[in-house]
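Before any comments, here is the structure.
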Amino acid sequence: MKIKQFLLVGLILLGGNAFGQFGVMVGPSVMRPFGVQKTFVGFHFGGEYSLDDAASYFGRITMYGGAKDPFINITPLQALNANYPYAQTNYTTTTNYTIISGGARYYLGDGYETGLSAYGGTTINLIFNSIKAEFDSFDESKYILPDGFGRKGNAFGFGIGLQGGVKYGILELGTIYFDLGLDYLIAYQASNSLALSSPYLSNILFNFNLGFRKDLFVGR
């Protein structure tokens with residue numbers, strides 16, 4: 001949470017100190033990990049600072065709600081006494097996504113501020129996953145979960161991406177936009193075996209964002 005707050009405050013300070021066009025943006029988002037039979041729905045918020053009417057920098061935080069694994073997983077249990085018989089338990093996982101993105105955009109058409117424009121650019125992305133497990137009940141006086149396992153897990157990814165979109169802006173009212181993105185994760189690291197068991201992790205992510213941007217600082 002501290003990372004998200006720091007990024008948002010930094011974006012606002014950047015706009016205020018530069019006395020340029022700085023816009024706050026918010027809206028719904030949809031994401032589909034490649035090879036995963038699940039579409040995630042969430043929302044995003046962030047800011048965009050225009051270098052001029054043809055280029056800008058942006059930062060965005062996107063949060064997607066948890067998705068529950070429809071399949072039942074099985075894990076063996078670790079006995080606290082060698083005399084206890086072999087046992088196992090069933091569990092299901094719930095996975096969510098938080099994505100922090102930043103990068104440059106380049107505008108074609110009427111430009112950043114008003115009118116109809118297309119835009120595109122590159123992104124750098126940090127991906128955070130929280131994975132939680134719901135286990136069937138078992139005798140915790142005799143058994144524990146196996147080493148490297150837990151009721152919660154996390155995964156962290158770092159990657160790059162491409163995006164393209166269209167916006168329409170009306171001076172003093174705001175800008176409506178939508179864009180598509182393709183992100184590739186160069187690295188992915190899980191905290192434990194539970195996180196690795198999530199079926200919703202992927203190195204390739206497709207996303208769609210619809211939103212509204214309101215400029216807070218105008219003039220240089």
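Remark: Arg213 is positioned above the aromatic ring of Tyr112, its terminal NZ or CZ atom under 6.0 angstrom from the ring centre and at most 45 degrees off the axis.
Residues Tyr119 and Tyr107 bring their aromatic ring centres within 6.0 Å. Separation of the Tyr200 and Tyr64 ring centroids does not fall under the 6.0 Å cut-off. In this structure, Phe128 has its ring center closer than 6.0 angstrom to the ring center of Phe156.
Closest heavy-atom contact between Asp110 and Thr114: CB-O, 3.1 Å.
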Listing, residues 32-45 side-chain donor-acceptor contacts under 3.5 Å, not counting sequence neighbours, or none:
unit_1	atom_1	unit_2	atom_2	d
Arg32	NE	Val36	O	2.8
Arg32	NE	Lys38	O	3.2
Arg32	NH1	Thr39	OG1	3.1
Arg32	NH2	Val36	O	3.3
His44	ND1	Gly27	O	3.0
His44	ND1	Ser29	OG	2.8
His44	NE2	Tyr177	OH	2.7

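Note on Met31 and Leu201: same hydrophobic cluster, where clusters join Ile, Leu, Val, Met, Phe, Trp and Tyr whose side-chain heavy atoms are under 4.5 Å apart, directly or indirectly. In terms of hydrophobic clustering, with Ile, Leu, Val, Met, Phe, Trp and Tyr side chains grouped at heavy-atom distances under 4.5 Å, Ile74 and Ile131 are assigned to different clusters.
Partner Phe135 forms a side chain to side chain contact (heavy atoms under 4.5 Å, CB included) with one of Thr92, Leu77, Thr75 and no other, that one being Thr75.
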Going through the checks in order, is the side-chain contact (heavy atoms from CB on, under 4.5 Å) test met by Ile124 and Phe158? CA-CA 8 Å; Ile124 296 176; Phe158 169 79; 3.6 Å; yes
Take Thr122 and Ile160, measure what side-chain contact (heavy atoms from CB on, under 4.5 Å) needs, and give me the verdict at the end. CA-CA 7 Å; Thr122 57; Ile160 57 177; over 6 Å; no
Under the side-chain contact (heavy atoms from CB on, under 4.5 Å) criterion, do Leu205 and Tyr97 qualify, and how do the steps go? CA-CA 11 Å; Leu205 307 174; Tyr97 272 85; 4.1 Å; yes
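Using a 4.5 Å cut-off between side-chain heavy atoms of Ile, Leu, Val, Met, Phe, Trp and Tyr, Phe212 falls into a hydrophobic cluster with Ile176.
With 3.5 Å as the limit, one finds a donor-acceptor pair spanning the side chains of Ser56 and Glu48.
Applying the salt bridge (Lys or Arg N to Asp or Glu O under 4.0 Å) rule to pairs touching residues 92-104 yields nothing, sequence neighbours excluded.
Put simply, the side chain of Ser198 never gets that close to the backbone of Ala195: no donor and acceptor are under 3.5 Å apart.
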